[in-house]
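Inspection log for the structure reproduced underneath, given as structure tokens.
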Amino acid sequence: MKSTDPCFHPLTACRSLPERLNCPFYYQPHPLCRQAATEVQDDICAMAEWQDEVAGGKMFGVLVVKDSAGNIGYLQAYSGQICGKADWQGWVPAVFDYLQPDGYFAVHEAEISVLNGEIAAMEQSPRHLLDCARLAKRREEGERQIEEYRTFVAVQKAQRAVRRASGEDAATLIKESQFQKAELRRLKNMVKTSLQPLEEAVARHGRELAARRLRRKRMSDALQHWLFEHFVMCNRKGEKKNLIEIFADTPAAVPPSGTGECCAPKLLQYAFLHGYKPLAVAEFWWGRSPEGEIRHHGEFYPACQGKCKPVLDFMLQGLDVEENPLLLPEDRTDLPIVYEDGYLLAADKPAGMLAVPGKGQRLSAQEILSSRYGTVYACHRLDMQTSGILLFARTAEMQRTMQGMFARREVHKMYTAVLDGISGRPSSGDIDLPLSPDYENRPRQRVDFEAGKPAMTHYNIMYTRDGKSVVELFPMTGRTHQLRMHCAHPDGLGVPIVGDDLYGHHSQRLLLNAQRIEFTHPVTSQPVIIESGIDIVDI
């Protein structure tokens, strides 16, 4: 039977169906999701009124489902709103549509907007700005007057010393000194008195502004709380929880702004409420990359961690879902040792192995080495997907020593990487792009020139082959994902590393290897050069 649901889009050329719903936090899109995404992208291009907004960047999603009659189709969704609407025909609507013109949210948001206007007007009040300027000028004049009189008093004091030595009457000199000190106190009081009216005016304005800001914060918090209470999410077990309840036991405790409006929660909510069985889910980016971030037009991405993970952890209960492969147990224990002495160990970590224990069940390099050598201590770290030299200390004291050397940049590291294309940058140079965490999409990082920590990398482009570039990377700082970001970002090399599923395109593995590490041994004072035996160029 043909579905009458306008949000159910049949898939006519159905291939083999997935046995389990894919993990939304790490996946390769199922062929049915790719087929659905192609149709959705055609629909996006056909929506003329959308083009300006979606060109700026928007996340879209598809959920392949089976209806009660056994028909296979897909649901489609976009994050947030488009052109101020959350209910475009044929698209999954918002979990809770708070955009009704005369609804509770709109009324209270309008009140906050009025308050915002009052605050902006107060911040730019000509009278207040004039009072501030007058206060600053009068304070400067007063400080100058006081300083000039202090200088005068110091000169007079020196002259009195000469006069005292010449035999002038001591009582007269004391009286003169006391008078000048009293004059200085009177001058200070006079300046203080002259400042008071202006200080009171500025302070009064500050109190009024602070009161309005506090009122705005309380109104915003109350409205946000109301909103989150009305986002009631379902799961396959028939349970319901609002966002306040879902986030109550998380470290954040409070949902981030925009929670519940991403694609995956909207798609699952609609499927549960309409009796569809979810089969496969995928989300893709459409349009320009956000400033400071790296998103590729048409590329598939996992659900975000900050907003979506707690929500999806609840919503996926009752469904048969594939486990996140990044959290599955690591059965490899082969870890070649490339350097060893009485103080340090260096291993050639393979891609996919954790450097130190994490949240999942995977064995880490540190645990493997500790089982062989007794407790070892990590001197630095590598991303799980990065291979190569990993240095461990055999005592906690040596760990502190080596970490100090890393911090002082006395340990020199060289990485090799294969870029997924040809960079247009000079054959060698420096990249200086500060980085900060993307808190809603951990572990992703973003370029942040305001609050980011300094991140600097020297690079050499060695050669190109088969449309890809082989590069040497010399990190001068040690930020999370520094090399991956510096390669992929348009202001860096502008080409992602092969296999970088966060900032580039997914493939079998990330072609980034910690190739060499050099330092002066802190005990023997001998130079140490450790080379990796992994050759990513031939992978």
Side-chain angles (χ1 to χ4, degrees), residues 41 45 51 54-59 284-301 351 382-383 385-388 412-436 438 441 443-450 452-516 534-539:
Q41 290 164 8
C45 293
Q51 297 313 301
V54 299
K58 173 72 73 173
M59 194 70 80
F284 63 89
W285 183 260
W286 194 260
R288 293 190 299 272
S289 181
E291 185 177 355
E293 298 180 37
I294 297 175
R295 299 281 188 183
H296 298 281
H297 178 71
E299 187 72 19
F300 290 91
Y301 288 95
L382 294 177
D383 294 342
Q385 294 169 291
T386 303
S387 60
H412 306 288
K413 297 174 286 182
M414 188 272 278
Y415 291 70
T416 54
V418 181
L419 303 187
D420 202 6
I422 298 175
S423 174
R425 299 296 185 265
S427 59
S428 66
D430 295 319
I431 302 168
D432 184 359
L433 295 173
L435 302 176
S436 66
D438 184 348
N441 293 284
R444 292 175 64 92
Q445 304 292 301
R446 61 194 310 276
V447 171
D448 185 349
F449 287 98
E450 293 184 2
K453 293 183 178 180
M456 292 162 284
T457 303
H458 179 77
Y459 71 89
N460 293 326
I461 300 176
M462 304 304 291
Y463 59 89
T464 60
R465 187 176 74 185
D466 300 328
K468 301 187 186 304
S469 305
V470 177
V471 299
E472 292 179 342
L473 302 167
F474 301 84
M476 291 174 273
T477 52
R479 308 301 175 206
T480 300
H481 294 178
Q482 174 177 320
L483 299 181
R484 296 166 70 173
M485 281 291 288
H486 280 184
C487 288
H489 197 272
D491 294 330
L493 292 177
V495 183
I497 298 171
V498 170
D500 190 344
D501 54 3
L502 287 178
Y503 309 109
H505 313 284
H506 189 93
S507 66
Q508 187 172 3
R509 66 149 291 187
L510 178 72
L511 295 188
L512 175 64
N513 188 67
Q515 194 70 37
R516 186 172 69 242
I534 298 172
D535 186 359
I536 60 170
V537 177
D538 291 333
I539 291 176

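The structure presented is a predicted model; accordingly, all values stated were derived computationally and were not measured.
How far CG of D383 is from CG of L502: 8.5 Å, rounded to the nearest 0.5 Å. How far OG of S427 is from CD1 of I461: 6.5 Å, rounded to the nearest 0.5 Å. To the nearest 0.5 Å, atom CZ of residue F449 and atom CG of residue L433 are 5.0 Å apart. Interatomic distance, E293 CD to W285 CH2, rounded to the nearest 0.5 Å: 7.0 Å. M485 CE to I497 CD1: the interatomic distance, rounded to the nearest 0.5 Å, is 11.5 Å. Once rounded to the nearest 0.5 Å, the distance linking CG of L511 with CD of Q385 reads 11.0 Å.
For Y503, the ring pair (Phe, Tyr, Trp, His ring centres under 6.0 Å) partners two or more places apart in sequence, or in a different chain, are H481. By the ring pair (Phe, Tyr, Trp, His ring centres under 6.0 Å) test, H296 pairs with H505, sequence neighbours left out. The side-chain contact (heavy atoms from CB on, under 4.5 Å) test applied to H297 returns W286, not counting sequence neighbours. Residues that satisfy the side chain to side chain donor-acceptor pair (under 3.5 Å) test with R516, not counting sequence neighbours, are E518. Remark: H489 pairs with no residue by the side chain to side chain donor-acceptor pair (under 3.5 Å) rule, at least two apart or across chains.
Between the side chain of S289 and the main chain of R295, a donor-acceptor pair closer than 3.5 Å is present. Side-chain N or O atoms of D535 include one that pairs as donor or acceptor with a backbone N or O of V537 at under 3.5 Å. In this structure a side-chain-to-backbone donor-acceptor pair under 3.5 Å is missing from R484 to G504. A side-chain donor-acceptor contact under 3.5 Å links T477 to the backbone of M456. Looking at R425, its side chain does come within 3.5 Å of a backbone N or O of G492 through a donor-acceptor pair.
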Show me the donor-acceptor pairs, under 3.5 Å and distance only, between side chains in residues 468-475 and residues at least two apart or in other chains.
{"from": "K468", "atom 1": "NZ", "to": "D420", "atom 2": "OD1", "distance (Å)": "2.8"}
{"from": "S469", "atom 1": "OG", "to": "G421", "atom 2": "O", "distance (Å)": "2.8"}

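Checking Q515 against T416 by side-chain atom types alone, a donor-acceptor pair falls below 3.5 Å.
In summary, of the residues considered (T457, D491, D430), a side chain to side chain donor-acceptor pair (under 3.5 Å) with H486 occurs for T457 alone. Checked options R446, E450, R479; the residue passing with S436 is R446 (criterion: side-chain contact (heavy atoms from CB on, under 4.5 Å)).
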